[in-house]
Each structure stands twice: as structure tokens, then as C-alpha cells.
Amino acid sequence: MTYSTIAGLGFYVPENVVTNQDLTQYMETSDAWIRERTGIEQRRYFTYGKDTNASMATAASRMAIDRAGLQPSDIQLIVYATTTPDYYFPGSGFLMQRELGLEGVGVIDIRNQCSGFIYALSIADQFIKTGMYKTVLVVGSEIQSTWLNKSTEGRNVAVIFGDGAGAAVLQATDDPEHRLLSTHLHADGRYAEELYVREPGSSRPTRAATKEMVDEGGFDVSMNGSAVLKHALTRFPEVIQEALQANGYQPEDISLLIPHQANLRISENVRQQLNLPPERVFNNIQRYGNTTAASLPIALTEAWEQGRIRSGDLICLAAFGSGFTWASALIKY
Ligand code: COA
């Protein structure tokens, strides 16, 4: 039986640190409000002219490939999750493929917002299990700072999000003790407009951005914060339990839960619902904010770098986000 295992992890965050205090230059907010409601202390914003969605992903991928003891030329497929591509099309996966010098290698571009990385991981896993590919690069990368309305009007959204990229190299293995056990993917399009960016949409009377579209906030992230919070608090534990049950485990068997970094309050609530001690839940939202598809690979990489993941550990990844989408992955590391 062929399984997939994580052979290498990497991440990149832009050097520009934006603190909560820095945001008070643009909007009426406070460090205390942001920390109390979200746990976020700072986030990174890309530097125009230096970072692109694809260049950040390339840096993260090079690190992951190197740590796997491989060369870029060993990659047989790229699965690239982003909500904020450099171009409307083609996706940033193609730009990263070019930067890595991997002309001819297949690229699958995934959106799926905050659940994007687990969807990407699941797709890579299926290709490996069927024997089609042996080495697949899975990426999450976002530049969200340009999309945020940084005035007081947009503050409920703007304070949450940041930029960054993370990557994992998945490789085929026949070792049942160190592998991706299962992935679980869900979505409910009835809530599509609870967290979305409407423009530039195709089903419009005109291709041009009108003043009306801009004034109505069509290019801004629109979020119903309380609806997102309510659904996340149900879906996170549900999809984690689903992964555990599928593999005959209980919450107490989890060595480390890495939730998508949406909000520290959500992570803390989920931890309590699962009755896990604080040291078994990984959080780094304090330093990066919510980096959407990049959040899980950045957190997974940092957890590994900090020695919080050891060989044989049971690692659970879980995500919830726009769509609504939610997903989990259980890994025997
Ligand atoms: N700074 C200061 N005040 C702010 C603010 C900010 N950044 N954002 C909103 N406020 C104000 C509001 O205007 C409101 O003022 P009012 O009472 O005078 O009307 C007050 O704070 C409360 O706003 P509300 O939106 O009800 O706050 P909340 O307690 O629900 O917290 C979120 C807002 C966004 C932090 C919360 O809804 C949340 O975490 N939702 C989930 C979001 C999420 O995880 N998104 C990503 C999913 S992948």
C-alpha cells in the first residue's frame, strides 16, 4: 500500500512587521481591542517591489524541498492554494513553477480560502496514493494586505489578516507508521456571502470597475464576524472528531492540534471543547494574524522547527473559512 508522508516543511513571511499600534495610524482601533478579541499582536505585510504571492511561495518551497533533501527537479506536481493570486489568471502556482525552473510540471491551483491548504494536501495525497506521482509540492501563499480596507470602516476585517507563505513536500512511502492518515473536506455554499470579496466578478454588466462598485465596498473583504465565529466554533470540533473517529482515536490521543489561525479565541474554545491541555494546541496568530491558506503550513513548519512535533506524533490539522469551507487532516508524523 502506498501512502504519503511529509518529507519537508518551509515558510516565508515578509520582513515588514505591522503592530496593532501601527494600525492606529489608519483607523480607530487599539492594541487592547485587537488582542482581547483576536489574540493578534502583529502581522506581516508584503513589501511592494520585493515580495509577490509567488515569490514568497518560492522561498517557502525552496526551504521545504531543501529540508526534504531534494532538488526542485524532484517535484512532479504542484498543488498551490491561494485566495489572493498575483493575477486574476493564471494562478500564482504557474508563476512559482516558473521561478523554480519546473517548466512542464503540472500545476493545480486551489482557492478554498482558509481551508485551501488542507484541500491541497488532500489532493496531493490522492495523487500519491494512486501511484501517479511520488513527490508533490503543496503550497499556501497569501498577500492580503492590499485587499484590506484600512480605514475605520473596514477595521473589523483589516486587523485580522496578514501576509505569508508556507509549503510542504509530500512523498510516497510504504511505512504505515509515518504517514498522512486521512483528510476530510467539507463546504456549505449557503454561507458564501458571509465572508467574501465580490469584485472583480464576471457576472456584471460591465468589465470595468465602476465607482459604484468601489463605493459599495465590492473590492473589500466583507465579513459577518459573528456568523463566522458561530459556525467555526461548531465546525472545528466536528471535523476534528470526524478525523479521529475515522482512524479509531480519541481527542486525548492528539499529540498536537494545529488549528487554522483564525482567531485565538476560536482556538482556545476548540481546545476546551476537546478537553486538550494548552501545550497540545499550537498557536502563532499572535505574530502573523490570519494568513488564510498560508496559516497552516506556516504553523506546521514553526511547530516542527520548535521541536513540538516528533517522529510518531499524532498531528491534527483543522481549518474553517470562507465558502464556508472546513476540513481536517490527521498525520502520524
Ligand atoms: N477596533 C476597535 N473596535 C472595533 C474594531 C476594531 N478593529 N472592529 C470592530 N470594532 C467595534 C465595532 O464597531 C463594534 O462597535 P459598536 O459596539 O459601537 O457597534 C464593537 O467593536 C463590537 O463589534 P463586533 O463586530 O460585534 O465585535 P466582536 O466582538 O464580534 O468581534 C470579530 C469581531 C471580528 C473579532 C469577531 O466577530 C470574530 O473573531 N469573528 C470571526 C472572524 C474570523 O475568524 N474570520 C476569519 C475566518 S477564517
Side-chain angles (χ1 to χ4, degrees), residues 18-43 81-84 110-119 140 142 144-145 147-164 166 185-189 191-197 217 220-240 258-271 281 283-286 288-299 317-328:
V18 178
T19 64
N20 293 343
Q21 189 58 36
D22 291 336
L23 293 180
T24 63
Q25 294 169 45
Y26 315 109
M27 62 186 84
E28 284 174 34
T29 189
S30 68
D31 180 49
W33 193 98
I34 301 169
R35 278 182 200 241
E36 189 187 311
R37 299 296 217 290
T38 70
I40 299 166
E41 296 164 19
Q42 60 184 46
R43 72 286 294 141
T82 186
T83 313
T84 53
I110 307 283
R111 297 183 63 173
N112 290 38
Q113 302 70 246
C114 295
S115 305
F117 185 75
I118 298 183
Y119 270 77
E142 306 282 3
Q144 306 182 107
S145 54
W147 284 26
L148 302 173
N149 175 349
K150 299 190 194 82
S151 71
T152 297
E153 196 190 3
R155 66 184 176 177
N156 66 320
V157 171
V159 300
I160 294 177
F161 293 99
D163 303 339
L185 312 179
H186 296 283
D188 190 342
Y191 302 101
E193 286 82 16
E194 299 292 18
L195 176 51
Y196 81 128
V197 177
D220 297 337
V221 179
S222 163
M223 178 177 78
N224 179 345
S226 58
V228 173
L229 199 59
K230 182 172 144 233
H231 285 263
L233 293 179
T234 309
R235 295 308 192 184
F236 265 112
E238 192 181 280
V239 79
I240 293 165
I258 306 182
H260 160 58
Q261 302 292 292
N263 183 320
L264 200 57
R265 285 198 308 179
I266 295 177
S267 294
E268 182 56 16
N269 183 294
V270 171
R271 182 187 76 72
V281 181
N283 289 298
N284 62 5
I285 191 170
Q286 299 91 331
Y288 302 127
N290 179 344
T291 56
T292 301
S295 141
L296 278 174
I298 293 175
L317 307 182
F320 178 86
S322 158
F324 287 152
T325 54
W326 60 104
S328 61

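Just so you know, ligand 1 is whichever comes first in the structure, and atom 1 is the first atom listed for that ligand.
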Does atom 45 (N) of ligand 1 have a protein non-hydrogen atom under 4.0 Å from it? yes
Contact region, Ala262 to ligand 1, non-hydrogen atoms below 4.0 Å, reads both
Among protein heavy atoms, which lies nearest atom 41 (C) of ligand 1, and at what distance? Gly225 O, 3.5 Å
If you scan the protein for heavy atoms around atom 21 (O) of ligand 1, do you find one that is closer than 4.0 Å? yes
Protein heavy atom at shortest distance from atom 34 (C) of ligand 1: Met223 CE, 3.7 Å
Backbone N/O of Met27 and side chain of Thr152: donor-acceptor pair under 3.5 Å: no
Quiz question: by atom type and distance under 3.5 Å, do the side chains of Arg155 and Asn149 form a donor-acceptor pair? no
Of the side chain and backbone of Asn290, name the one, both, or neither that has a heavy atom under 4.0 Å from an atom of ligand 1. side chain
Roughly how far, to the nearest 0.5 Å, is CZ of Phe161 from OG1 of Thr291? 10.0 Å
Below the 3.5 angstrom mark, is there an N/O of Arg37, backbone or side chain, next to an N/O of ligand 1? yes
The protein heavy atom nearest to atom 10 (N) of ligand 1 is Trp33 CZ2, 3.4 Å
Could you check atom 30 (O) of ligand 1 against the protein and tell me its nearest heavy-atom contact, residue, atom and distance included? Arg265 NH2, 4.8 Å
Between Glu142 and the options Thr292, Asn290, Thr84, the side chain to side chain donor-acceptor pair (under 3.5 Å) test singles out Thr84
Please indicate, with yes or no, if any protein heavy atom is found under 4.0 Å from atom 14 (C) of ligand 1? no
Within the 4.5 Å heavy-atom criterion, are Asp220 and Val157 side-chain neighbours or not? no
Out of all atoms in ligand 1, which are within 4.0 Å of some heavy atom of Ile266? Include the element for each. 44 (O)
So, Ser267 versus Asn269: side-chain donor-acceptor pair below 3.5 Å or not? no
Tell me, do Arg111 and Tyr119 make a side-chain contact under 4.5 Å, heavy atoms counted? no
Under 3.5 Å, N or O to N or O, is His260 touching ligand 1 that way? no
What orientation do Phe320 and His231 show, parallel under 30°, tilted 30 to 60°, or perpendicular over 60°? parallel
Do you see a protein non-hydrogen atom under 4.0 Å from atom 18 (O) of ligand 1? no
Closest protein heavy atom (residue, atom, distance) for atom 38 (C) of ligand 1: Asn263 ND2, 3.7 Å
Note, Ile34 side chain near Leu23 side chain (heavy atom, < 4.5 Å): yes
Would you kindly specify which portion of Gln113 sits under 4.0 Å from ligand 1, judged on non-hydrogen atoms: side chain, backbone, both or neither? neither
Report yes or no: does a heavy atom of Met27 sit under 4.0 Å from some atom of ligand 1? no
Protein residue, atom and distance nearest to atom 47 (C) of ligand 1, heavy-atom basis: Val228 CG1, 3.5 Å
Do Asn112 and Thr325 get their side chains close enough for a donor-acceptor pair, meaning under 3.5 Å? no
Side chains of Asp163 and Ser145, donor plus acceptor under 3.5 Å: yes
Check each atom of ligand 1 against the heavy atoms of Val159 and keep those under 4.0 Å away; list them by number with element. 7 (N)
Thr19 and Asp22: side chain donor to acceptor below 3.5 Å: yes
Atom 24 (P) of ligand 1 touched by protein (heavy atom, under 4.0 Å): no
Given that the side chain starts at C-beta and the backbone is N, CA, C, O, which of these parts of Thr292 lies under 4.0 Å from ligand 1, counting heavy atoms, or is it both or neither? neither
Could you tell me which atoms of ligand 1, counted from 1 in the order shown, lie closer than 4.0 angstrom to a heavy atom of Cys114? 48 (S)
shortest atom 1 (N) of ligand 1-to-protein heavy-atom contact is with Thr29 OG1, 2.6 Å
Does Arg271 come within less than 4.0 Å of Glu268, counting only side-chain N to carboxylate O? yes
Can you tell me how far the CD atom of Glu41 sits from the CD atom of Gln21, to the nearest 0.5 Å? 13.5 Å
Counting from 1 in the order shown, the ligand 1 atoms closer than 4.0 Å to a non-hydrogen atom of Phe320 are 48 (S)
So do the side chains of Asn20 and Val159 get within less than 4.5 Å of each other, counting heavy atoms only? no
Look at atom 12 (C) of ligand 1 and say which protein heavy atom is nearest, naming residue and atom and giving the distance to 0.1 Å. Arg155 NH2, 3.8 Å
When you measure from atom 32 (C) of ligand 1 to the protein, is at least one non-hydrogen atom found at a distance under 4.0 Å? no
